[in-house]
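Below, chain A is the first sequence line, B the second, and so on; all start at residue 1.
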2 protein chains.
Amino acid sequence: MSETQERPYHHGDLRRALIETALVMLAADQNWTFTLREVARRTGVSHAAPYKHFRDREDLLRELARLGFVQLGESMTQAMSLTQSSVREQFIAGAQACIDFALCNSGLYRLMFSADADKSMDPDLHDAAMKTFTILLQLLEEGQRDGSFRPVNIDALAAASWAQVHGLAMLAINGQLLEEKVGSEPVLAALNVLLDGMCQ
Amino acid sequence: MSETQERPYHHGDLRRALIETALVMLAADQNWTFTLREVARRTGVSHAAPYKHFRDREDLLRELARLGFVQLGESMTQAMSLTQSSVREQFIAGAQACIDFALCNSGLYRLMFSADADKSMDPDLHDAAMKTFTILLQLLEEGQRDGSFRPVNIDALAAASWAQVHGLAMLAINGQLLEEKVGSEPVLAALNVLLDGMCQ
DNA sequence: TTCATAAGTTTCTCCTGTAAACATGGAGGA
DNA sequence: TCCTCCATGTTTACAGGAGAAACTTATGAA
C-alpha cells in the first residue's frame, strides 16, 4: 500500500512478502507449479533475490507447508476449545476444523501432505507437523482417561483417527464426497462410524 | 536385450518402453521429478520422440497413474478372492493389499493420489480410479445384504472405509506407523477399530 | 511399385534454476 | 561525524528443460 515511494533498494521484509505471494499463487493454481522467478516477479524484486531467503524452490515450499501446519493446529485447537462438551464432540469439532481447513486451503493442504514438502529434509517442518498431530493424540488420551474411548492400544486409535480425518479431507478436496450431493452429511456420518468403533 | 541390432529407426513399442523407463525412475526418486528428456535419454531415443506418444510430461504421469489403479484393483481383487471367509475378513484382506501395494510402489501410489495426476483431465484415469473404488463399494453392499454391516447410508460407509484405507496407506508410506516399532500391528488394529464401528 | 503416414530426429526459441560477481544502504564502532 | 561491514538486493551468465516446427525414414495399403 506504500506505492508513493519508488521502492527502496531494501525491501524491508522480503521473506514474508515472498511467502505471501507464494501463498496467493498456491491458492490460484492449487498445484504449486509456480516458478521461483514468477514469485520474485510478482513481488517486484529481481529473480535472484529469493535466494537470499530460501536455499531453493523446495525450501520455500517447505516453509509454506510449515506455516500451514501451524495454522491448521490453531484452527483445530480453537474449534475444539469452543466445544466444552464431550470428548466425542470435541473430536468431531477438531476433525471438521481440519477438513474445513483443507477445503478452504486445498492447495496448501495438498502441499503439506505431498512429497514436495519432504519432512525429512526440514526438522522445523517435521516438528510443526508433529505438534499438530499431538493435538489429536492428547484428545485421545483424555478420552481414554475419562472412559469415553476404549482402552485399546492408543497407537491404533491414533492411526485410525488420523487416517480417517486426513482421508476424509483428501476425499473432500477432490470433490469425491460432494458429487453424491449429500452436503456435509457424509463427513459427519463417516466420523460417527469410526467413533462408534472407538467409543465404548 | 537385443543389442545385437544397431537400433532400427523405429523402436517397435516406444510407448511401452517409455512407460517402463518412467516407472523405474519413479521407483527410484519417489517424487516424479524426472524430466521427459531424461526418460527419452534412458530409453535411447531423441528428446522429442516421447511427444509422439504423450502430449506432455503430465500426460505420461497420468498414464502411469492409470496403470497403477488397474494394478491396485487387481491386487485387491486377488487378495479378497483368496479369502472365502467373512465379509469382514475380505475387507481386511483388500485393505491390506492396498496398503501393501502402497508400500511396494510408494512413488506410484503417491502419484496416483497426487494433484499431478489430475483425474479431471483424463476420463480414462478417472474411470480406472472409479473402477478400483467400486471394488470396495461392492464389498460394502454385500456386507450390508448379508447383515454383517450396519444398514446405515452406504456413502458414509464408503467414505469412512476409503478414507481409512487410503489414510493408513499414506501414513505407512511416510513411515509414521513403523517408527513406533509395532510392526504391522497398528494397521490391523486401526482397521478393526473402524470395522467395530461398521459391523453390527 | 508408389506413396501417404506414423514414428523418429534435428533444430530452434523461450523459460527456469542457480551460481558468481557486483551494488547499496543501514547499523555500530572509531 | 564518518567509515566500514555485511545483509540484502541486482546483474550477468550458463546449463539444462519444455515444447513447436520442419525434416527424415520405414512401412503397409492401394
What residues in residues 18-28 of chain B put a non-hydrogen atom under 4.0 Å from any atom of DNA chain C?
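Close to the strand, none.
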
What integer distance in Å separates [X]:[atom1] from [N]:[atom2]?
{"X": "A:Phe54", "N": "D:dT8", "atom1": "CZ", "atom2": "C1'", "answer": "14 Å"}
{"X": "B:Arg16", "N": "C:dA7", "atom1": "CZ", "atom2": "P", "answer": "14 Å"}
{"X": "B:His53", "N": "C:dG8", "atom1": "NE2", "atom2": "C1'", "answer": "8 Å"}
{"X": "B:Lys52", "N": "D:dA22", "atom1": "NZ", "atom2": "C1'", "answer": "10 Å"}
{"X": "A:Arg15", "N": "D:dA7", "atom1": "CZ", "atom2": "P", "answer": "15 Å"}
{"X": "A:Leu14", "N": "D:dT8", "atom1": "CG", "atom2": "C1'", "answer": "8 Å"}

Considering only nitrogen or oxygen atoms on both sides, find all protein atoms under 3.5 Å from nucleotides 16-19 of chain D and state each distance.
| residue | atom | partner | partner atom | Å |
| --- | --- | --- | --- | --- |
| D:dG17 | OP1 | B:Arg41 | NH2 | 3.4 |
| D:dG17 | OP2 | B:Arg41 | NH2 | 2.9 |
| D:dA18 | OP1 | B:Leu36 | N | 3.1 |
| D:dA18 | OP2 | B:Arg37 | N | 3.2 |
| D:dA18 | N7 | B:Arg37 | NH1 | 2.4 |
| D:dG19 | OP2 | B:Tyr51 | OH | 3.4 |

Indicate, with yes or no, if the rings of A:Phe69 and A:Phe101 have centres closer together than 6.0 Å.
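Between A:Phe69 and A:Phe101, the centre distance exceeds or equals 6.0 Å.
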
Can you tell whether the side chains of [X] and [Y] come within less than 4.0 Å, N to carboxylate O?
{"X": "A:Asp124", "Y": "A:Arg62", "result": "no"}
{"X": "B:Asp122", "Y": "B:Arg55", "result": "no"}
{"X": "B:Arg110", "Y": "B:Asp116", "result": "no"}
{"X": "A:Glu38", "Y": "A:Arg42", "result": "yes"}

Could you pull out all residues at least two apart from A:Phe54 that satisfy ring pair (Phe, Tyr, Trp, His ring centres under 6.0 Å)?
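Per chain and number, A:Phe54 pairs via ring pair (Phe, Tyr, Trp, His ring centres under 6.0 Å) with no residue.
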
Find out whether A:Trp162 and A:Leu137 are in side-chain contact, i.e. whether some heavy atom of one side chain is under 4.5 Å from a heavy atom of the other.
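SC-SC contact between A:Trp162 and A:Leu137 ruled out.
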
Should we say atom CZ of A:Arg15 is surrounded by more than 12 heavy atoms from elsewhere, each under 6.0 Å from it?
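Yes, CZ of A:Arg15 has more than 12 neighbouring heavy atoms, counting only those of other groups under 6.0 Å.
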
